[in-house]
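All remarks here apply to the structure that follows.
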Amino acid sequence: MSSVAYLLGLIVGDGGLYLLRYKGGRTEYRVVVTQKDAAIAENAAKMFHSLLKELGLGSKVQVISGRTRVEVRVSSKRLWQLFNDKLANLEGLAPDERIAFIRGLYDAEGDKTGRRARLWNKNRRLLDLVGSWLRELGIESRVYLDDKRHGVYVLEVPSPYRRRFFELLYPPQPPDSSGVHEWINEVPTVPARGPANPPPGAQSWDPRRGEKSLWSFTAACRCGGAGGAERRWER
DNA sequence: TCATTGCCGGGTAAGTTCCGGCGGA
DNA sequence: TCCGCCGGAACTTACCCGGCAATGA
């Protein structure tokens with residue numbers, strides 16, 4: 001189910017899986033995606049809707065518009081467990097799921113200018129894993145420390161492989177009914193050095209800025225929902 | 001000369017975790 | 001009473017963007 005993998009990529013990049021413990025013994029299981037772009041958030045919401053329906057769950061998909069972003073939130077223990085399990089077994093993703101995961105991750109944390117193919121994250125192991133998947137697909141990449149202030153790494157696909165990378169993630173085909181935002185299918189040819197401000201309609205890269213996420217393999221493997229803080233994300 | 005890419009600073013769009021409330025088992 | 005789901009928002013920082021300089025063809 002590549003839509004789950006895509007959503008997981010979005011969650012890892014622009015959201016989180018939270019087990020919240022409140023006073024009085026109350027708990028909440030949250031699956032969250034945050035986005036500035038309302039259209040992307042809406043499509044994520046649609047995909048969550050479909051997934052909940054498929055799983056026979058009646059949880060509400062909340063789309064909360066904030067001052068600077070839109071939060072798509074599903075409060076559901078079963079959905080939280082589903083994504084947790086998938087995250088714990090990330091290395092066991094099928095090939096098509098890997099591509100979907102990378103696409104979700106790139107939608108969340110990738111360079112949208114199209115001038116370079118970069119993917120930022122504090123978790124070097126995650127980027128190394130993505131790099132190894134790309135290598136298996138014939139796409140070389142490098143991982144280096146990009147932001148020494150915050151210890152943020154970047155995975156960069158060098159120019160000889162850039163076009164292939166974008167074609168892999170966003171194959172030139174008409175938008176299907178998967179609910180994924182159209183623009184992800186509109187970037188088959190990314191210029192080696194394109195215009196900084198392309199004309200409206202020329203492409204649909206969204207110049208978003210500022211996302212963060214921290215994902216831990218160890219946390220993913222250990223946080224099965226039993227005991228402890230159960231946070232999937234570490235600071 | 002030009003394309004590529006490692007590095008870096010700016011600043012905001014994310015992430016994270018509180019709160020109170022409600023309802024079902 | 002316990003637990004899970006809903007709705008909101010405050011607070012902090014991890015990203016992204018884009019420029020610059022070094023490098024090499």
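Convention: sequence-line order gives letters A, B, ...; per-chain numbering from 1.
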* Please identify each residue that fulfils side chain to side chain contact (heavy atoms under 4.5 Å, CB included) with A:Ala94, with sequence neighbours left out. =>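 Side chain to side chain contact (heavy atoms under 4.5 Å, CB included) check on A:Ala94 returns A:Asp96, A:Glu97.
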Any side-chain N or O of [X] under 4.0 Å from OP1/OP2 of [N]?
{"X": "A:Ser75", "N": "C:dG4", "answer": "no"}
{"X": "A:Lys77", "N": "C:dG4", "answer": "yes"}
{"X": "A:Arg162", "N": "B:dT5", "answer": "yes"}
{"X": "A:Lys148", "N": "B:dG9", "answer": "no"}
{"X": "A:Ser159", "N": "B:dT4", "answer": "yes"}
{"X": "A:Asn121", "N": "C:dA14", "answer": "no"}

* Asked: If you check the A:Glu156 side chain, which of C:dC17, B:dT5, C:dC5 turns out closest?
  ->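 Within the option list, the nearest is B:dT5.
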* Candidates C:dC17, B:dT16, C:dC15 - which lies nearest the side chain of A:His150 ->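 Looking only at heavy atoms from C-beta outward on A:His150, the closest nucleotide is C:dC15.
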Value in whole Å for how far the [atom2] atom of [N] lies from [atom1] of [X]:
{"X": "A:Glu109", "N": "C:dC17", "atom1": "CD", "atom2": "P", "value": "11 Å"}
{"X": "A:Arg115", "N": "B:dA3", "atom1": "CZ", "atom2": "P", "value": "13 Å"}
{"X": "A:Gln62", "N": "C:dG4", "atom1": "CD", "atom2": "P", "value": "17 Å"}
{"X": "A:Arg21", "N": "C:dG4", "atom1": "CZ", "atom2": "P", "value": "8 Å"}
{"X": "A:Tyr18", "N": "C:dG4", "atom1": "OH", "atom2": "C1'", "value": "19 Å"}
{"X": "A:Asp111", "N": "C:dG18", "atom1": "CG", "atom2": "P", "value": "8 Å"}
{"X": "A:Arg116", "N": "B:dC8", "atom1": "CZ", "atom2": "P", "value": "13 Å"}
{"X": "A:Lys122", "N": "C:dT13", "atom1": "NZ", "atom2": "P", "value": "10 Å"}

[N] base to [X] side chain: any donor-acceptor pair below 3.5 Å?
{"X": "A:Arg73", "N": "C:dG7", "result": "yes"}
{"X": "A:Arg142", "N": "B:dG6", "result": "no"}
{"X": "A:Glu28", "N": "C:dC3", "result": "no"}
{"X": "A:Arg30", "N": "C:dG4", "result": "no"}

* Partners of A:Phe165 by ring pair (Phe, Tyr, Trp, His ring centres under 6.0 Å), sequence neighbours excluded? ->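 Once residues adjacent in sequence are excluded, the partners of A:Phe165 under the ring pair (Phe, Tyr, Trp, His ring centres under 6.0 Å) criterion are A:Tyr106.
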* Asked: A:Leu90 versus A:Leu8: any side-chain heavy-atom pair under 4.5 Å?
  ->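 Yes, their side chains come closer than 4.5 Å.
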* Asked: Hey, are the side chains of A:Asp128 and A:Tyr153 touching, using non-hydrogen atoms and a 4.5 Å cut-off?
  ->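 They are not in side-chain contact.
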Under 3.5 Å, which donor-acceptor pairs link side chains of residues 137-146 of chain A to any protein atom two or more places apart or in another chain?
from: A:Tyr144; atom 1: OH; to: A:Glu156; atom 2: OE1; distance (Å): 2.9
from: A:Asp146; atom 1: OD2; to: A:Trp120; atom 2: NE1; distance (Å): 3.0

* Asked: With nearest nucleotides of DNA chain C determined for A:Val152 and A:Val63 from heavy-atom distances, which residue corresponds to the more 5′ nucleotide?
  ->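 Nearest nucleotide further toward 5': that of A:Val63.
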* To do: Name all residues meeting the salt bridge (charged side-chain N to carboxylate O under 4.0 Å, His left out) criterion together with A:Arg69; count only those two or more places apart in sequence or in a different chain, and write none if there are none.
  =>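 Listed in chain order: nothing, the list is empty.
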* To do: Let me know, please, whether A:Val32 or A:Arg149 comes out on the 5' side of the other along DNA chain B by nearest nucleotide.
  =>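 Result: A:Arg149.
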* Find which nucleotide of DNA chain B each of A:Asp146 and A:Pro158 is nearest to by heavy atoms, and output the residue with the more 5' nucleotide. =>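 Upstream on the strand: A:Pro158.
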Please produce a list of atom pairs where a protein N or O lies less than 3.5 Å from an N or O of nucleotides 21-23 of chain B.
from: B:dG21; atom 1: O6; to: A:Arg26; atom 2: NH1; distance (Å): 2.1

* **Single-linkage hydrophobic cluster A:Val33~A:Leu82, side-chain heavy atoms < 4.5 angstrom** =>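 As far as the 4.5 Å side-chain criterion goes, A:Leu82 and A:Val33 are connected within one cluster.
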* **Residues forming a side-chain hydrogen bond (donor to acceptor under 3.5 Å, both in side chains) with A:Ser59, sequence neighbours excluded** =>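 Applying side-chain hydrogen bond (donor to acceptor under 3.5 Å, both in side chains) to A:Ser59 gives none.
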